[in-house]
Amino acid sequence: MTHPLRYDRFRQFVGDLAELLERTSSEPEVLEHGAVLLQRLVSHDDWLPEIAAQPDPQRYQQFLLHADARQRFSVVSFIWGPGQRTPIHDHRVWGLIGMLRGAEFSQGFSRTADGRLAPDGAPVRLGPGQVEAVSPSVGDIHQVSNAFDDRVSISIHVYGANIGAVQRAVYSESGEEKPFISGYSNAGI
């Protein structure tokens with residue numbers, strides 16, 4: 001017997017995050033309290049609809065789950081096929097990443113004196129229920145990869161804007177920026 005999806009969990013998260021953003025625009029507070037809200041959501045794997053959890057054999061998927069009408073935040077499911085990874089990229093807004101299924105690695109990068117990008121510390125491994133923050137103020141350039149070569153992983157990302165419409169950049173290891181706007185895998189659905 002299959003259990004019904006708990007959409008109420010997601011609706012509660014969206015409402016609580018909207019209330020948090022009504023109370024404060026302080027990024028440290030948003031990251032701290034938003035991480036608690038996201039951790040509460042990703043601690044339960046009974047709310048994400050199957051349509052927003054479909055992998056693609058060629059590339060990771062990014063499904064828009066919610067875009068705030070006032071463009072204050074967006075919530076996206078990232079579906080990582082076996083061995084898939086992003087290019088090195090930035091966000092240019094605050095973000096929270098919460099692991100729902102499987103695991104992923106996030107490798108931070110920083111600029112060297114000659115402008116190149118170099119790994120900044122060891123990769124961070126996120127497992128189910130764990131949350132990590134990104135932003136220009138706490139570290140914004142990273143590369144994310146599925147921790148597994150033999151199964152799908154799913155993470156839930158929350159950003160301080162409609163991230164699919166934000167002009168960002170991917171980077172070569174030499175530090176060269178290439179602008180992009182990501183859009184969403186479920187555009188037009």
Side-chain angles (χ1 to χ4, degrees), residues 24-36 38-39 42 55-56 58-64 71-185:
T24 185
S25 61
S26 162
E27 184 177 290
E29 285 183 57
V30 169
L31 291 177
E32 178 184 348
H33 298 295
V36 172
L38 183 56
Q39 192 277 328
V42 297
D56 181 283
Q58 303 304 313
R59 66 180 311 271
Y60 63 90
Q61 298 291 289
Q62 168 174 313
F63 293 105
L64 177 65
Q71 305 297 301
R72 298 173 299 171
F73 68 97
S74 56
V75 185
V76 181
S77 64
F78 272 74
I79 317 306
W80 307 97
Q84 291 177 344
R85 71 180 53 229
T86 67
I88 301 169
H89 65 283
D90 65 19
H91 309 90
R92 303 193 178 180
V93 298
W94 64 261
L96 294 164
I97 298 117
M99 206 67 212
L100 185 67
R101 295 179 199 159
E104 69 183 34
F105 287 110
S106 174
Q107 174 62 66
F109 285 84
S110 59
R111 290 204 182 268
T112 60
D114 64 359
R116 297 179 62 78
L117 288 176
D120 188 2
V124 174
R125 186 180 197 276
L126 288 180
Q130 293 180 309
V131 175
E132 178 185 45
V134 294
S135 90
S137 65
V138 300
D140 194 41
I141 300 174
H142 72 170
Q143 182 176 43
V144 181
S145 60
N146 187 344
F148 299 105
D149 290 328
D150 62 350
R151 62 183 163 185
V152 170
S153 292
I154 299 176
S155 53
I156 305 302
H157 297 221
V158 182
Y159 297 105
N162 181 351
I163 198 66
V166 173
Q167 183 167 323
R168 306 185 286 146
V170 294
Y171 297 85
S172 67
E173 288 190 19
S174 68
E176 182 182 341
E177 291 185 31
K178 179 180 173 187
F180 83 103
I181 297 174
S182 67
Y184 299 105
S185 301

*Roughly how far, to the nearest 0.5 Å, is the OH atom of Y159 from the CZ atom of F73?*
14.5 Å
*Quick one: closest heavy-atom pair of A118 and T112, and the distance?*
CB-CG2, 3.7 Å
_Heavy-atom closest contact (Q84 atom, I79 atom, distance)_ = OE1-O, 3.9 Å
_Using only atom types and a distance under 3.5 Å, with no angle test, would you say the side chain of R85 pairs donor to acceptor with the backbone of Q143?_
no
*Run the side chain to side chain contact (heavy atoms under 4.5 Å, CB included) check on Q107 and F105 step by step: do they pass?*
CA-CA 6 Å; Q107 174 62 66; F105 287 110; over 6 Å; no
_Donor-acceptor under 3.5 Å (D90 side chain, R92 main chain)_ = no
_Within the structure provided, determine whether F109 and P119 are in side-chain contact (heavy-atom separation under 4.5 Å)._
yes
*With a cut-off of 6.0 Å (strictly less than), are more than 12 heavy atoms of other residues, nucleotides or ligands near CD of E177?*
yes
*Indicate the atoms forming the closest heavy-atom contact of R125 with F148, along with that distance.*
NH2-CZ, 3.5 Å
_As an exercise, state the distance from OG of S155 to CZ of R101, rounded to the nearest 0.5 Å._
11.5 Å
*For a side chain to side chain contact (heavy atoms under 4.5 Å, CB included) with H142, tell me which candidate from D120, T86, V134 qualifies.*
V134
*Decide yes or no on side chain to side chain contact (heavy atoms under 4.5 Å, CB included) for L64 and S74, but give the supporting numbers first.*
CA-CA 8 Å; L64 177 65; S74 56; 4.3 Å; yes
_With a 4.5 Å cut-off on side-chain heavy atoms, are I163 and Y184 touching?_
yes
*Parallel, tilted or perpendicular: which fits the ring planes of F78 and Y60, with parallel below 30° and perpendicular above 60°?*
parallel
*Taking all heavy atoms of P87 and all of V170, pick out the closest pair and write down the distance.*
CG-CG1, 3.7 Å
_Considering all heavy atoms, the nearest N146-R151 contact_ = ND2-O, 2.8 Å
*Looking at CG of D140 and NE2 of H89, how far apart are the two atoms once the value is rounded to the nearest 0.5 Å?*
8.0 Å
*What are the two closest non-hydrogen atoms of E104 and I97, and how far apart are they?*
OE2-CG2, 3.3 Å
*How far does OG1 of T24 sit from CD of E29, to the nearest 0.5 angstrom?*
3.5 Å
*Are L96 and H157 side-chain neighbours, meaning at least one heavy-atom pair lies under 4.5 Å?*
no
*Decide side chain to side chain contact (heavy atoms under 4.5 Å, CB included) for F63 and I154; before the verdict, give the C-alpha distance in whole Å, the side-chain angles of both, and the deciding distance to 0.1 Å.*
CA-CA 11 Å; F63 293 105; I154 299 176; over 6 Å; no
*Report the distance from atom OG of S153 to atom CG of L100, rounding to the nearest 0.5 Å.*
10.0 Å
*May I have the step-by-step check of side chain to side chain contact (heavy atoms under 4.5 Å, CB included) for E173 and I88, ending in yes or no?*
CA-CA 8 Å; E173 288 190 19; I88 301 169; 4.1 Å; yes
